[in-house]
Amino acid sequence: MKLSRRDLMRAGLLGGGVAAAAVNGVALPGSSRAAVAARTTLTRTLQPGPPNALGYSKIVQGPGEVRLVRTDLGVAAQSGRDTRRVGLQAFVQFSDMHVVDHQSPARVEWLDRFETPGLLSSSYRPQEMLTAHVADAMVQAVNAQKKGPVTGLDFAFTIETGDNSDNCQYNETRWYIDIMDGGSVRPDSGKLTTYEGVMDNNKTYYDTDYWHPHPVPLKEKADKYKTEHGFPTVNNLLNACRRPFTAAGLDIPWYSVFGNHDGLVQGNFPHTLQLNTLAVSALKVISPPVGLSDTEVIDALTAGDVLGLVGDLSVSPTVRLVTRDKNRHNLTRKEIVEEHFVTTGLPAGHGFTQANVDDGTAYYYFDEGTIRHVVMDSVNPNGYADGSLDGEQFTWLKATIEAATGKAVIVYSHHTSSSMSNPLILTGGDPQLPRVLGGDVVDYLLTQQHVIAWVNGHTHVNKITAHPNAAGTGGFWEINTASHIDYPQQARIIEVVDNADGTWSIMTTVLDHGGPLDFNGRIGNTLVLASLSRELSVNDPQNNLAASTGSPLDRNTELLIDNPLA
């Protein structure tokens, strides 16, 4: 049995008789690993139940979802293949964890109430204080599942396709890595004895546009989430969500992909001294200035001047004093890559290499069995949420794929092909011309017979798209998986099999995180907090449930392809 460094650390703790660590005198709750069953959406689904009078739904259990066969690439599904097929590889895709420092002064929750299409949508979510707990519950679900449901193969690895953090902050990046590794995690910042965000009941800054989980303060109106959408009161949640906990940590190797929220401030803006100073400052904007219009907001966001909307922060009545925290400072791409080498999990660097550290890049590849896995960095450092590639990386991509002799190829990025539509270079973050857009990448991949799939995130939806070649008898599949922060809070198991008839199949199976069906008022560990997060997310008024969940053709599927090695 091969032990990781995390396994050795655990063995040392247990050998010394330590059942639970403590941080600042606070006992860390156990990871509740035994409470998580091996269970995919093939056996049961989790769905919104009947809404109450205000439209609020609890999560209910539904029947399992069958696997649908897709032959969109013109490759026929031959009879008897289920008895002939040989499993080649099984792995898991996470995407868009958005582990959030929900008290950070750099966040712009106050912009969420404005109509800003394409710019900072969902700047505030009622469940955002529970992202670390959802991540741990997802890790526990993978550890419980262990194997592909079709092949029975042990999972070879997990890959997280970007937006691991929410605001490229040091503390968020460390929480993400430490959750994936396992060990002590404290998802709190600023003053560790007091919540200092937008959702508490401080009468001076009580804003009814946010959900306030604690009871309504005396002489204040209930917030809009409670009065218009039926959100519950959950006593002590803002303290429970900040408690330290012991993360389970993945039992398998894990790899990381760079996303726009990992590389850009609020996922949109290039790094500046001003924005970094705001992140570590003692001033947090709670509400927008009175009279601010949608047009003013859109103009300011387009110009990249968010702070210009609130004027002098030191005198604004919409700003509260919070505790400074140097761990909120923004990280560059190079610094985030370096943090992946500060790890107890495997492999060291989690895909990133010394060349990435030296060059400040975030693209790489690794070989696993008969498959080459090629990871792109689709973040445009010049700004804006959507992505593209620089020319040097596109040259590297082609060389890396074409050198994969005798192997099938799966490529990964944070952005989808359709959201790689960002040619921006005006800010000078990376002035290389031209930026390579998604259509160019698709066209190239279709020339390479051994490319079988492109796996990505960014859109927070489950969607699988066929990209047929010109002949209509081949091509590759684009597999886009929903986020952990928004409903349905799911991961995806991907298995590759040889049908022994000249075709291969890619099996996709959606996996729910390990939180129970209902939190039942409990907030004592990560699993029940993750359950509450799922419930809140399905009721988030901004979430398009049909789009994020996807159709049955976007979830549990068998995707037929020609044998790429024939």
Side-chain angles (χ1 to χ4, degrees), residues 21 23-24 26 28 96-109 123-125 127-136 139 160 162-200 238-247 249 256 258-267 269 271-273 275-285 322-345 350 484-485 526 529 533:
V23 175
N24 294 341
V26 180
L28 303 182
D96 296 82
M97 277 188 181
H98 287 270
V99 177
V100 178
D101 176 4
H102 47 95
Q103 302 171 92
S104 171
R107 302 200 70 235
V108 288
E109 303 99 329
S123 299
Y124 167 75
R125 297 172 172 90
Q127 70 273 14
E128 63 192 21
M129 81 290 279
L130 300 172
T131 52
H133 311 86
V134 171
D136 184 59
V139 164
E160 216 291 355
D163 283 3
N164 314 309
S165 64
D166 187 66
N167 196 38
C168 59
Q169 293 181 189
Y170 168 78
N171 58 349
E172 292 177 341
T173 301
R174 282 310 328 163
W175 296 338
Y176 156 67
I177 293 171
D178 294 343
I179 290 168
M180 298 288 273
D181 278 353
S184 172
V185 176
R186 185 169 197 154
D188 194 5
S189 63
K191 189 175 183 179
L192 299 182
T193 58
T194 304
Y195 173 81
E196 296 180 308
V198 300
M199 289 183 278
D200 69 357
L238 296 178
N239 294 319
C241 71
R242 298 181 297 110
R243 284 195 308 251
F245 64 89
T246 303
S256 187
F258 200 61
N260 59 295
H261 279 263
D262 304 310
L264 297 168
V265 178
Q266 288 295 306
F269 305 114
H271 294 232
T272 66
L273 178 60
L275 291 174
N276 188 66
T277 300
L278 176 64
V280 300
S281 76
L283 298 172
K284 179 173 176 61
V285 180
V322 298
T323 306
R324 293 180 183 273
D325 191 336
K326 61 181 176 54
N327 288 329
R328 289 171 169 154
H329 69 271
N330 296 139
L331 296 180
T332 65
R333 179 169 56 192
K334 177 182 174 69
E335 289 169 333
I336 287 179
V337 168
E338 289 173 336
E339 286 300 321
H340 284 77
F341 289 86
V342 184
T343 181
T344 58
H350 301 290
H484 293 2
I485 190 171
T526 60
L529 288 170
S533 178

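Listed by chain and number, the residues in a side chain to side chain donor-acceptor pair (under 3.5 Å) with Ser189 are Asp101, Arg328 (sequence neighbours excluded). Residues that satisfy the salt bridge (charged side-chain N to carboxylate O under 4.0 Å, His left out) test with Glu335, not counting sequence neighbours, are absent from this structure. Residues passing the side chain to side chain donor-acceptor pair (under 3.5 Å) test with His340, sequence neighbours excluded: Ser256. Here Asp163 pairs with nothing under the salt bridge (charged side-chain N to carboxylate O under 4.0 Å, His left out) rule; sequence neighbours left out. Applying the side chain to side chain contact (heavy atoms under 4.5 Å, CB included) rule to Leu264 yields the partners Asn260, Val379; only residues at least two apart in sequence or on another chain are considered. Listed by chain and number, the residues in a salt bridge (charged side-chain N to carboxylate O under 4.0 Å, His left out) with Arg174 are Asp178, Glu339 (sequence neighbours excluded). Partners of His102 under the ring pair (Phe, Tyr, Trp, His ring centres under 6.0 Å) rule, at least two apart in sequence or in another chain, are Tyr195. With sequence neighbours excluded, the residues forming a ring pair (Phe, Tyr, Trp, His ring centres under 6.0 Å) with Tyr176 are Trp254, listed by chain and number. Residues meeting the side chain to side chain donor-acceptor pair (under 3.5 Å) test with Asp96, sequence neighbours left out: His460. By the salt bridge (charged side-chain N to carboxylate O under 4.0 Å, His left out) test, Asp166 is found to be paired with Arg107, residues two or more places apart in sequence or in another chain being considered. Checked against side chain to side chain contact (heavy atoms under 4.5 Å, CB included), Thr277 has the following partners two or more places apart in sequence or in another chain: Leu273.
In this structure, Leu331 CG and Asn171 CG are separated by 9.0 Å, a value rounded to the nearest 0.5 Å. Here the CG-NZ distance, from Leu278 to Lys284, works out to 9.0 Å after rounding to the nearest 0.5 Å. One finds the CZ atom of Phe258 at 4.5 Å from the CD1 atom of Ile336 (value rounded to the nearest 0.5 Å). Of the inter-residue distances, the one linking Arg243 atom CZ with Leu529 atom CG reads 6.5 Å to the nearest 0.5 angstrom. With values rounded to the nearest 0.5 angstrom, Thr193 atom OG1 is found 9.5 Å from Asn239 atom CG. The CZ atom of Phe341 sits 10.5 Å away from the CD1 atom of Ile177 when rounded to the nearest 0.5 Å.
With hydrogens and angles disregarded, no donor-acceptor distance shorter than 3.5 Å links the side chain of Ser165 to the backbone of Glu172. Checked by atom type and distance alone, the side chain of Asn167 never pairs as donor or acceptor with a backbone atom of Gln169 at under 3.5 Å. Checking side-chain atoms of Lys326 against main-chain N and O of Val280 turns up no donor-acceptor pair under 3.5 Å.
For the residue pair His133/Ser533, the side-chain donor-acceptor check at 3.5 Å is not satisfied.
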message: Show, in sequence, the C-alpha distance, side-chain angles and deciding distance for Glu109 and Glu128, and conclude whether the side-chain contact (heavy atoms from CB on, under 4.5 Å) test is met.
response: CA-CA 11 Å; Glu109 303 99 329; Glu128 63 192 21; 3.9 Å; yes
Val134 and Gln127: CA distance, side-chain angles, deciding distance, side-chain contact (heavy atoms from CB on, under 4.5 Å) verdict: CA-CA 10 Å; Val134 171; Gln127 70 273 14; over 6 Å; no
message: Evaluate Thr173 against Cys168 for side-chain contact (heavy atoms from CB on, under 4.5 Å), listing each step before the verdict.
response: CA-CA 7 Å; Thr173 301; Cys168 59; 5.9 Å; no
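His261 has its side chain within reach of His98: a pair of non-hydrogen atoms, C-beta onward, lies under 4.5 Å apart. Counting heavy atoms from C-beta outward, Leu130 and Cys241 have side chains that approach closer than 4.5 Å. Within the 4.5 Å cutoff, the side chain of Ile485 has heavy atoms near those of the Arg125 side chain.
When every heavy atom of Val322 is checked against every heavy atom of Pro105, the shortest pair comes out as CG2-CG, 3.9 Å. Nearest heavy atom pair, residue Ala282 against residue Arg324, reads CB-CG, 3.7 Å. Shortest non-hydrogen contact noted between Phe245 and Ala132 is CZ-O, 4.0 Å. Here the closest non-hydrogen pair linking Ala135 and Met97 is CB-SD, 3.8 Å. Annotation for Asn327 and Tyr170: closest pair O-CB, 3.4 Å, computed over non-hydrogen atoms.
For residues 188-198, every residue pair satisfying the salt bridge (Lys or Arg N to Asp or Glu O under 4.0 Å) rule, not counting sequence neighbours, is listed here: Asp188-Arg242.
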